[in-house]
Amino acid sequence: MLHTFVALVQDRPGVLTRVASLFRRLNINIVSLTVGESERPDTSRMTIVCDAHENAAHRIRASLYKLETTISVDEVNRTEAVVRELCLIKVAAGPNQPHGLHSRSQIFELAQVFRARVVDLAPESIMLEMTGSASKIEGLLQVLGESGYSILEVSRTGRMAMRRGHHTSRVLQALGTRPTLNPSVFAEDPDALPSDQTLPNIFDE
Amino acid sequence: MADSNNANPTLTGSEILLATLAGEGITTVFGYPGGAILPVYDSLRKFPTIHHVLVRHEQSAAHMADGYARATGRVGVCMATSGPGATNLVTGLATAMMDSIPIVAITGQVSSKVLGTDAFQEIDITGITLPITKHNFLVTRAEQIATAVREAFQIARSGRPGPVLVDITKDAQQATAAFDFDAARPRPYRPHPMLRAESSSIQEAVTLIQQAKRPVILAGHGVVESGAETQVLALAEAHQIPIASTLLGLDAVPANHPLSLGLMGMHGESWVNHAIQQADLLLAFGMRFDDRVTGNLSKYSPNSKKIHVEIDPSEINKNVWVDVALIGDLKEVLSLLTPLLSAGNQPRGADGSEWLKQIRASKGNASVRDIINLPDNGHLYAAHVIHDIWHEAAAAGRLDQTIIVTDVGQHQMWEAQYFKHQAPRSLITSGGLGTMGFALPAAIGAKTACPEKDVWVIVGDGGFQMTAAELSTIVQEKLAINIAVINNGFLGMVRQWQEAIYDKNYSASPILSPDFVLLAAAHGIAGATVRKRADVIPHATLARTSGKPFLINFLVEKEDGVYPMIAPGSALHEMLRRPQHDPLLELPEDL
């Protein structure tokens with residue numbers, strides 16, 4: 001199954017290697033990994049999506065935290081977090097294509113339905129930009145394919161995830177989120193935690 | 001070190017390095033010089049408190065730092081130059097990583113101006129050692145040296161210890177910077193956020209322990225690393241829980257304690273493994289359920305609840321699924337757990353002693369078949385040699401002052417079975433990585449750290465030849481180390497597996513050796529060859545009391561096996577026993 005981890009790591013040379021090497025050592029394939037600056041100075045935020053056994057999440061998170069360059073690690077699932085991905089798609093469209101010159105306007109319509117934007121127009125191709133959940137991007141790609149368009153290039157950033165803010169229990173229920181006692185405890189800087197605070201038993205999960 | 005009234009003296013990078021080591025309390029460095037580390041070697045004369053031990057191969061330098069750390073619990077330091085010097089450290093670092101040993105390795109690196117250009121003796125050692133160090137640093141500026149080295153020490157010894165490498169470019173060693181030891185203090189140790197045994201989990205553990213009828217404590221290396229030997233023993237005694245040990249946990253509890261069962265796992269005694277298989281509660285203390293102690297996981301102790309006390313959260317549920325995980329330092333967790341157990345609940349009564357009786361009864365059959373109980377039939381067995389070395393030390397009252405350093409293979413397992421360790425840190429052996437050639441250099445580290453103790457190297461004829469060059473180091477350092485070569489003319493454990501699994505196809509396992517006594521003599525080390533059991537104890541005494549290094553070449557039975565043995569894929573109770581009609585055990589007709 002897919003696991004999504006959000007890690008705050010030091011912004012230093014070699015940190016990405018340490019994270020990537022960890023997954024290699026565990027023989028786990030990384031589905032996507034995005035890194036960028038975070039709200040903290042000298043700190044990057046990584047979103048790592050990997051395909052691993054259901055029981056592997058705890059060990060991956062613990063192993064990630066064992067890296068000296070890791071500040072915090074959080075595992076998020078879809079309902080607890082907002083997950084987005086950016087995708088660029090280049091589609092063949094022009095007079096020589098099956099739909100001829102109509103193809104452009106049809107692609108414009110499709111793009112509108114999926115809330116994608118046209119960012120480049122060339123005589124034989126159109127480039128679309130789209131942000132959304134992975135399933136939405138896959139939906140657009142599927143429709144384009146089934147409509148007979150040939151997709152020339154796809155570039156996806158991979159998923160970025162951010163845990164949702166503190167909602168009321170009703171909102172969480174509506175979102176389908178299991179209420180947890182202290183969901184953000186692993187995301188916080190451990191130094192900031194009061195020493196008497198007990199942690200949720202992660203082995204009950 | 002150049003004295004200065006100035007609060008923050010300006011020093012060269014190499015001086016900063018050595019001053020930082022001295023500030024961390026380091027008095028011994030094991031190393032080998034070379035181009036990219038020469039500035040440091042040049043500065044050594046200014047630091048008379050740091051003794052440099054010149055090794056014969058950098059791998060040995062890492063093993064020596066390792067042996068030093070295992071003998072004392074303090075951080076060991078080794079040093080090498082760039083390129084081949086650094087790559088030679090790799091096996092030693094991996095050995096320390098697998099056994100959680102705190103060492104700091106310093107390597108020279110080519111100048112930062114030529115980094116990445118394949119300069120002479122340049123190698124990406126921080127890249128190479130990434131998976132076999134707890135952490136590593138590349139330092140390119142003199143200003144960063146003190147901070148990096150102090151952080152390295154903190155990382156090496158905190159939490160689950162491990163090796164840390166600091167790679168320092170030559171220009172950083174040569175440049176100057178202000179040195180302030182205190183200002184370079186690292187941020188306080190950052191415990192894992194999961195590193196707090198939760199009160200509800202502790203309560204569950206208490207309930208499990210109180211309900212258990214057939215509990216067993218599994219004592220691992222963490223017991224010694226945490227310094228929790230007394231706490232574990234107190235818990236065991238209060239609740240009459242027998243203790244089985246992993247190889248690295250063997251010296252955690254005195255072997256002659258009535259609750260101590262001995263070695264578990266692949267070559268553990270049958271009653272130990274049967275006890276684990278029949279247990280209804282396993283208390284795993286600072287151990288990681290290695291495949292060498294569990295056998296076939298799907299059949300491992302099937303009816304027991306399991307409590308795992310472990311400092312490294314990534315070890316939880318890795319191999320064996322546990323019912324209660326108490327993450328934290330063993331000593332701290334036990335200090336929370338033990339008071340709850342004694343409060344208002346009597347220790348297990350009749351049932352408890354019933355379980356101990358049951359385990360003791362199962363010893364009977366096994367000890368009859370034990371090679372150690374057979375009369376002297378004219379053959380010399382490795383088991384007898386090790387037993388007699390133990391007996392000699394015990395008779396002399398030196399057991400608490402004896403460190404045994406073993407290599408890897410059959411003799412290592414016989415040592416674990418027949419040497420009855422009394423004191424923590426009295427056994428030094430490569431467990432996780434199983435590094436042949438470890439013993440001799442690790443013993444040099446141990447003897448350097450503990451010159452007042454008797455240090456015995458127990459090593460096979462194969463492993464000894466891997467690092468025998470360090471005999472020179474022993475002589476140069478004037479170390480009175482006793483070396484027992486268990487010489488059977490084979491790579492014994494390989495031969496045993498070939499006998500058991502590969503139809504006695506002894507492919508590449510017979511090994512020719514030089515006359516080890518002559519080899520020792522060439523180094524100026526006295527020695528003797530022993531062929532008869534009656535000669536073992538006199539020679540052990542001679543070696544121990546000579547005050548100089550001494551090598552004994554024990555010519556033992558060539559095709560003896562370590563039993564019991566669990567074949568790969570078998571469950572813990574499915575042991576291969578010593579064959580009933582072992583030709584080795586039959587008395588010669590003329591006796």
Side-chain angles (χ1 to χ4, degrees), chain A residues 7-10 12-28 42 52-75 181-182 184-205, chain B residues 97 115-116 124 126-138 140 148 151-152 154-156 158-160 162 164 167 186-204 306-308 310-319 321-328:
Chain A
L8 278 174
V9 297
Q10 291 173 0
R12 282 194 199 169
V15 174
L16 180 60
T17 312
R18 288 174 199 277
V19 172
S21 178
L22 171 71
F23 284 88
R24 177 187 53 76
R25 191 162 56 82
L26 298 175
N27 194 25
I28 292 171
D42 306 322
H53 189 264
E54 193 181 343
N55 298 329
H58 160 71
R59 184 150 179 251
I60 295 170
R61 191 175 57 171
S63 302
L64 272 171
Y65 194 85
K66 257 169 89 174
L67 301 175
E68 294 293 329
T69 47
T70 304
I71 295 155
S72 71
V73 187
D74 191 14
E75 192 202 357
L181 285 172
N182 194 350
S184 61
V185 71
F186 292 118
E188 285 171 14
D189 189 338
D191 299 338
L193 284 174
S195 58
D196 60 334
Q197 189 177 345
T198 54
L199 300 173
N201 189 346
I202 50 169
F203 305 100
D204 282 348
E205 286 171 10
Chain B
M97 184 69 176
L115 265 183
D124 173 18
T126 45
I128 288 173
T129 58
L130 195 87
I132 53 161
T133 51
K134 195 176 167 191
H135 193 61
N136 59 29
F137 297 89
L138 170 62
T140 54
E151 204 177 331
Q154 167 158 298
I155 292 169
S158 60
R160 179 179 179 173
V164 181
D167 195 26
R187 270 164 51 102
Y189 163 57
R190 171 194 74 146
H192 199 288
M194 302 176 200
L195 264 185
R196 264 163 297 176
E198 218 207 314
S199 54
S200 68
S201 301
I202 288 187
Q203 200 51 54
E204 282 176 59
K306 294 163 188 85
I307 300 173
H308 197 177
E310 167 61 49
I311 197 161
D312 179 355
S314 71
E315 291 293 347
I316 304 295
N317 292 340
K318 185 175 84 174
N319 297 331
W321 202 260
V322 297
D323 299 274
V324 178
L326 300 174
I327 305 172

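Within every chain, numbering begins at 1; the chains are lettered A, B, ... in the order of the sequence lines, protein sequences first and strands thereafter. Heavy-atom basis, side chains included; hydrogens, waters and symmetry copies ignored. Because the structure is a prediction, the values reported are computed rather than measured.
Side-chain atoms of B/T129 and B/N136 form a donor-acceptor pair, as typed in the model, at a separation below 3.5 Å.
By the ring-ring contact (aromatic ring centres under 6.0 Å, His included) test, B/F137 pairs with B/H135, sequence neighbours left out. Under the side chain to side chain contact (heavy atoms under 4.5 Å, CB included) criterion, A/S21 pairs with A/R24, B/L130, sequence neighbours left out.
Contact annotation for A/R59: both backbone and side-chain heavy atoms come within less than 4.5 Å of a heavy atom of chain B. For chain B, no part of A/L64 is nearby; none of its heavy atoms comes within less than 4.5 Å.
Note: B/N317 CG to B/K306 NZ = 11.0 Å, rounded to the nearest 0.5 Å.
The residue among B/P131, B/G127, B/P188, B/S314 with the most heavy atom pairs within less than 4.5 Å of chain A is B/S314.
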